Amino acid sequence: MAASLIFLPGIRWSKQSTSPSDPPNPAFSPVFFQVRPGSQKFVSYKTNQSKHNMTILKNTCALLIGLLLRAAAIAQPTTPPVGEKPVLLMNRIGPSASELYMANADGSNERKLLATSGLDYHASYSGNGQWIVFTSERNGLGQADIYRVHPDGTALERLTDSPALDDQAALSPDGSKVTFVSTREMHTANIWLLDIKSKKVTKLTALPAIQGDSTKPNGFFRPSWSPDGKWIAFASDRNTQWLGHGNGAGWEHVQELGIYVVHPDGTGLRKLSQAGICSGSPKWSPDGKRVVFYELPVEDTWAARRPNLAPKATSQIVSVDLATGQRTEHTAGPGLKLMPQFVTAETIGYLAKGGPNAGIAYTNGKATLPGAMRSPAWSPDGSHVVYEKVDFTHRQQNQPLYSWDTHYDYRYTDVFPNFAKDGKLVVTDKDFDSSISIMDADGSNKQKVYTATRSSVAFAPAWSPDGQRIAFGFGGYLQSRKTNGAKVMMVNRDGSNPQDLTDGLPNSGFPSWSPDGQRIVYRVWGEKDSGLRILNLNDKLVQVLTTEYDNLPFWSPDGSLISFTRKHDDNNFDIFTIRPDGTNLRQLTTTPANDAHAYWTADSKHLMWSSGIYGFKDEAALYDNTFQPYGAIFSMNADGSDKRQLTDSAWEDSMPVVVPKAGQP
C-alpha cells in the first residue's frame, strides 16, 4: 500500500495568520504527516522554532499517531490513482536531461558512469575512491535524492528518500557519513549529516548557533570534508541582503557568498573569505592545511547563469591557509573559473564556464578537456574526473513531474498557460519561438494561431470568457522592452481577424479578461506611464487603475478582484489585489524576497504564485539558462492567509494552473 498524505487543518506549530500583512512564514502553514504503512514512521513538515508550540503539537500528536498509523494500515488509499487525479500544470526552467560521465584527468577514455540516467548530477568521490555520491531525480523529475555507486557503475544505492530537496553530497574520509544540502524541516538550503549504516540524519547548519537572520538570504551550500574528517567547509549567503542585479535595479537576485569551516558537531564556526564578494565551492588541499574556492564579483552571479553573459564574467581561484589566513591567488586574467579542486599538492583543476575555452582546465596549463560539461570532481589521486553533461532541449508539453501534493498530478507546461471554458489550453511557445498556440489539455492537437517575429514575441495569451477570442501582448518584453514597443492584440480562436487593442506606446501587455468579456486589464510600462489599465471593448475607453510599477494582472473568475505584482520599497516585488473600481488595495505577500506570477483558482478562493522566500538552493553561478532558480510555487487564500509551499525542486518553478473539468478525460 502506498504512503498516504494526511492533511490536518487544525494542527499548526503556531497560530494561523489572519492578517494579509503577516509574512508567509512556515509557522502559518498546515502540518502534513506522511505515514508509511508498515514502517511505523511518520514525517512532519512545515515547522518553526517555538518550543512551546512544539510541546503542544507533540502532546496532540501523541493522541493521534496511533490512530493515523492504524488508519493507514487498514484503509484503502485515499489518493486517486495516477490518471484519475486533477492535473496541475506548471512551468520549470532547468535541464531536461543530465548524465554523469567519467574520464581520465586528461580527458581520455570518456564513458558514462551509469547504464541508465534519471537526471543525475553533482557527483563527487569518496576519500578512498571506492564510491561516487551524486544527486538523482529518478524517483520523479524535481524530487532530488542522494545516491552512491562504485566508479565502475555497480552497487547503485539510494541513501536518502525525503520529499524535500537533497543535493550536493560529500562522503566523509572514512566513507561512513555523508554531508549534504537539504531543504527538509527548515525549507531553506541547509547542510545535514547522514550516518550511512544507521540512516540517522542530524542537523549541522540548521543549528541556532550557525543560522543567520531568517529575514535575509540564509542558505548553506557545497559542503566539503577535510582529509582528517575534523572540519567541514561550505559556502553560505547567511546575513547578506536580497539584491537585484544591475546594482539593485533588476528583478532577478544576485548572490553574495562567504566560505566557512565548522566541526561536524556544529562547533568552531569560522569565516575564511572576504566580505562583499561571492566565494564558492570550497575544497581542501591534500594535507588539509588550505581551502580553495572561487571568487566572483557579486554582480557577475547574474551574468554567470545567463548564456549570453557568462563569457563576459571573470572569476579567480583562491586558497586560504587555515592556520594563518594567508591568501594565494592561483589564476589571473579573464574567464569564468568555478568549482576548483586540488588534483595534486600543487595543481588545481576547475571548470571554465562559457566562452571559447569552456571545459575542464588546470592551473598548470598542461591539460584541458573542452566542452560544456558541469560540476567536475576528481578522484583522490587526481587520475580521474567525474562530471555531468546537461541538455536543455525543450520538455514535452504535459511531461510528468514529481507531485509533492499527492492529490494532484504535476505536469510541465510552456509559459503563460490559460484555459478556455471548454478546456482548450493556450500558451506562449517560449520553448520554440514565443508564438501563440492552442491545444487540448493533454497537449495534443496543437495549433499555432499567431506567429512571433524575430523582433517581437507574443506573450501571456488569455482566453475570452466565451472561448472564442484570445488577447495577448505582442512586441518587446523583458529586457527588450527598453528599446521595443509592445501592444495588446486580439485574434479569433482560429487565428483569424487579428486586431490591435493598443497602439504600442507605452509598452503594453499581459492582458486578462473580465468575466463578462466586456473589459481587459493590462499593464503599461514606460518612463512617464506605468501601472494597470482597463480597456472597455465596447467604447474603447481606458480606465487608469494604478500608476505604480505594476505587472502581471489577473482578473478573478468571479470578477471581484484583480491580482497583480507590484515593485515597491527598494526593489521588492509582492502580490497585491485591488477591486476593478480601484478600491480596496491589499498587499498579500510581505517578504523581502520576490513574489510574482499569481494565478487564480477557478473558484476565486485561492491564488497560486511563485516565491523566492526560501532563497537559493545552490550557488547562483553554477546554474545555467535560468533567471530565478530560487523560485518555488505556493498557494494562499484570496486574503493572503494560509500560505503553503507546493513545489520543492532545485529549479525555477512557476506559472501553475489546474486543468479544469472540461479539459479532463
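Values in this document were obtained by computation on a predicted structure and should not be read as measured data.
Nearest heavy-atom pair, Gly615 versus Trp242, reported as atom, atom and distance to 0.1 Å: CA-CH2, 3.8 Å. Nearest heavy-atom pair across Thr135 and Ala144 is CG2-CB, 3.6 Å. Contact detail for Asp516 and Gln518: the closest heavy-atom pair is OD1-N, 3.0 Å. Taking both residues in full, the closest heavy atoms of Ala164 and Ser182 are given as CB-OG, 4.2 Å, listed atom of the first, atom of the second, then distance. Counting all heavy atoms, side chain and backbone alike, Ala460 lies closest to Pro511 at O-CD, 3.6 Å. Residues Thr546 and Leu532 come closest through the heavy atom pair OG1-N, 2.9 Å.
Of the possible donor and acceptor atoms, one in the side chain of Asp237 sits under 3.5 Å from a partner among the backbone N and O of Gly219. Proximity of a side-chain donor or acceptor of Thr565 to a complementary backbone N or O of Asp574 within less than 3.5 Å is not detected. The backbone N or O of Asp442 sits nowhere less than 3.5 Å from a side-chain atom of Asp440 that would complete a donor-acceptor pair. Judged purely by atom type and a 3.5 angstrom limit, Ser435 uses its side chain to pair as donor or acceptor with the backbone of Ala452.
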Kindly determine whether Asp570 and Asn572 satisfy side-chain hydrogen bond (donor to acceptor under 3.5 Å, both in side chains), including the steps that lead there.
-> CA-CA 6 Å; Asp570 196 22; Asn572 190 16; over 6 Å; no

Given ring-ring contact (aromatic ring centres under 6.0 Å, His included), test Tyr630 with Tyr623 step by step and report yes or no.
-> CA-CA 11 Å; Tyr630 41 78; Tyr623 280 95; 9.0 Å; no

Using the side-chain hydrogen bond (donor to acceptor under 3.5 Å, both in side chains) rule, take Ser611 and Asp595 through it: C-alpha gap first, then chi angles, then the decisive distance, then the call.
-> CA-CA 4 Å; Ser611 177; Asp595 297 276; 2.7 Å; yes

Show your working on ring-ring contact (aromatic ring centres under 6.0 Å, His included) between Phe459 and Tyr477 and close with a plain yes or no.
-> CA-CA 8 Å; Phe459 263 21; Tyr477 296 103; 5.5 Å; yes

Should Tyr402 and Tyr410 be marked as a ring-ring contact (aromatic ring centres under 6.0 Å, His included) after you check the CA-CA gap, both sets of side-chain angles, and the distance that decides it?
-> CA-CA 6 Å; Tyr402 181 83; Tyr410 287 31; 7.9 Å; no

Stepwise salt bridge (charged side-chain N to carboxylate O under 4.0 Å, His left out) test for Lys487 and Asp500 = CA-CA 7 Å; Lys487 56 191 175 182; Asp500 293 348; 3.1 Å; yes

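A salt bridge links Arg493 with Asp422: at least one charged nitrogen is closer than 4.0 Å to a carboxylate oxygen. Arg92 and Asp653 are joined by a salt bridge, as a carboxylate oxygen and a charged side-chain nitrogen come within less than 4.0 angstrom of each other. Look at Asp433 and Lys448 and you find a salt bridge, because one of the NZ, NE, NH1 or NH2 atoms lies within 4.0 Å of a carboxylate O, short of that distance. Comment: Lys446 engages Asp429 in a salt bridge, judged by a side-chain N to carboxylate O separation of less than 4.0 angstrom. Salt bridge Asp624/Arg305: absent, no basic N to carboxylate O contact under 4.0 Å.
In this structure, Phe554 has its ring center no closer than 6.0 Å to that of Phe564. A ring-centre distance under 6.0 Å is not found for Trp609 and Tyr599.
Side-chain contact annotation: Asp391 with Ser96, donor-acceptor N/O pair under 3.5 Å absent. In this structure, a donor-acceptor pair under 3.5 Å is present between the side chains of Glu652 and Thr626.
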